[in-house]
Amino acid sequence: MSDALAPRSGGPVRGGTTVVVTSMASDAHTWNLVFLQLLIEELGYHVVNLGPCVPDDLLLAEVQVIEPAVVVISSVNGHGHQDGMRLIQRLRHTERLSAVPVVIGGKLGVTEDADGTRARELMAAGFDAVFEDGVDPVAALRNFIGALPAAAPAAVEQTPAVAGQARPA
């Protein structure tokens, strides 16, 4: 993890008060991650920002150590659907990570997806929420994070949501 993107208050805080913010291996953008970190910190969470171009193995290892309340994945390069499908399968097939809430948002593809196929596929693959390009990301993420229970990730019930709608509690 880059020192420039390390959490402000020192090392990772374990348990339900920490949120991991990350991009995926193919995405080198950082401004979106900084924005998300500041937004989530305003909501009262400790943020561990893994930065851009995060390899799948590194993300899996960090999430297992940190045990966050939620993992927020951002895509700007248009490969969110492709990379997200691969990553969520690995997360959901890792026993310690199978119940950790994971959301993805941003530019999910390089072409228009008028019927929402990409979002539905990502939800079916295991994401807890998908924030498509064009949806108000600030309101959608605030709603999702605001609906998280105060319990540890293992106690979170999993039910689907699309386009920024929080899963029912």
Side-chain angles (χ1 to χ4, degrees), residues 1-2 5-9 12-56 58-81 83-88 90-92 94 97-108 118-119 122-123 125-150 152-153 156 158 160-167:
M1 177 169 43
S2 167
L5 296 173
R8 291 186 201 167
S9 60
V13 175
R14 293 174 58 94
T17 61
T18 299
V19 173
V20 169
V21 170
T22 188
S23 70
M24 294 170 284
S26 71
D27 201 322
H29 295 89
T30 58
W31 59 267
N32 52 318
L33 302 174
V34 173
F35 173 81
L36 286 168
Q37 177 176 343
L38 294 172
L39 173 65
I40 295 165
E41 286 174 342
E42 283 181 5
L43 297 174
Y45 286 83
H46 175 82
V47 174
V48 175
N49 186 336
L50 298 180
C53 298
V54 178
D56 294 357
L58 176 61
L59 176 58
L60 291 167
E62 291 292 324
V63 172
Q64 288 185 75
V65 169
I66 296 166
E67 299 176 348
V70 65
V71 176
V72 177
I73 300 172
S74 179
S75 175
V76 175
N77 68 355
H79 296 215
H81 178 264
D83 291 347
M85 290 294 285
R86 180 190 68 245
L87 182 59
I88 197 64
R90 291 198 61 197
L91 281 161
R92 294 301 179 227
T94 302
L97 305 178
S98 63
V100 174
V102 182
V103 302
I104 189 169
K107 190 167 182 176
L108 302 177
R118 283 190 286 258
L122 289 163
M123 290 296 300
F127 279 97
D128 295 278
V130 176
F131 308 117
E132 296 180 86
D133 203 17
V135 172
D136 179 358
V138 173
L141 189 58
R142 278 188 176 146
N143 288 340
F144 183 86
I145 290 178
L148 288 174
V156 175
Q158 302 242 339
V162 175
Q165 300 295 316
R167 292 177 181 237

Distance in Å, [X] [atom1] paired with [Y] [atom2], rounded so as to fall on 0.5 Å steps:
X	Y	atom1	atom2	answer
Ile88	Met24	CD1	CE	10.5 Å
Leu59	Leu91	CG	CG	6.0 Å
His81	Glu132	NE2	CD	10.5 Å
Thr18	Ile66	OG1	CD1	7.5 Å
Arg118	Met85	CZ	CE	12.0 Å
Thr30	Phe35	OG1	CZ	14.0 Å

Do the side chain of [X] and the main chain of [Y] share a donor and acceptor less than 3.5 angstrom apart?
X	Y	result
Asn143	Ala139	yes
Asn49	Gln37	no
Ser23	Cys53	yes
Arg92	Ser98	yes

Is there a side-chain contact between [X] and [Y] in this structure, where contact means two heavy atoms from C-beta onward sitting under 4.5 Å apart?
X	Y	value
Val72	Phe144	no
Val130	Met123	yes
Leu38	Val34	yes
Val19	His46	no
Phe131	Leu108	no
Val103	Val71	no
Ile40	Val21	yes
Leu36	Leu141	yes

Could you please spell out the steps behind the side-chain contact (heavy atoms from CB on, under 4.5 Å) verdict for Leu33 and Thr22?
-> CA-CA 7 Å; Leu33 302 174; Thr22 188; 5.5 Å; no
Residues Ser26 and Asn77: side-chain donor-acceptor under 3.5 angstrom |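 The answer is yes; a qualifying pair exists.
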Stepwise side-chain contact (heavy atoms from CB on, under 4.5 Å) check, Leu50 with Leu58 | CA-CA 9 Å; Leu50 298 180; Leu58 176 61; 5.7 Å; no
side-chain contact (heavy atoms from CB on, under 4.5 Å) evaluation trace for Val47 with Glu41 | CA-CA 6 Å; Val47 174; Glu41 286 174 342; 3.7 Å; yes
Search all heavy atoms of Pro101 against all heavy atoms of Leu148 and return the closest pair with its distance.
->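 What the structure gives for the nearest pair is CG-CD2, 4.4 Å.
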Between Tyr45 and Ala69, what is the shortest heavy-atom contact and its length?
->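 Closest pair (atom of Tyr45, atom of Ala69, distance): CE2-CB, 4.2 Å.
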Can you name the side-chain hydrogen bond (donor to acceptor under 3.5 Å, both in side chains) partners of Asn32, sequence neighbours left out?
->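 Once residues adjacent in sequence are excluded, the partners of Asn32 under the side-chain hydrogen bond (donor to acceptor under 3.5 Å, both in side chains) criterion are Ser74.
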side-chain hydrogen bond (donor to acceptor under 3.5 Å, both in side chains) partners for His79, two or more places apart |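 Not a single residue meets the side-chain hydrogen bond (donor to acceptor under 3.5 Å, both in side chains) criterion with His79.
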Might you work through the side-chain contact (heavy atoms from CB on, under 4.5 Å) test for Leu60 and Leu97, ending with a clear yes or no?
-> CA-CA 8 Å; Leu60 291 167; Leu97 305 178; 3.6 Å; yes
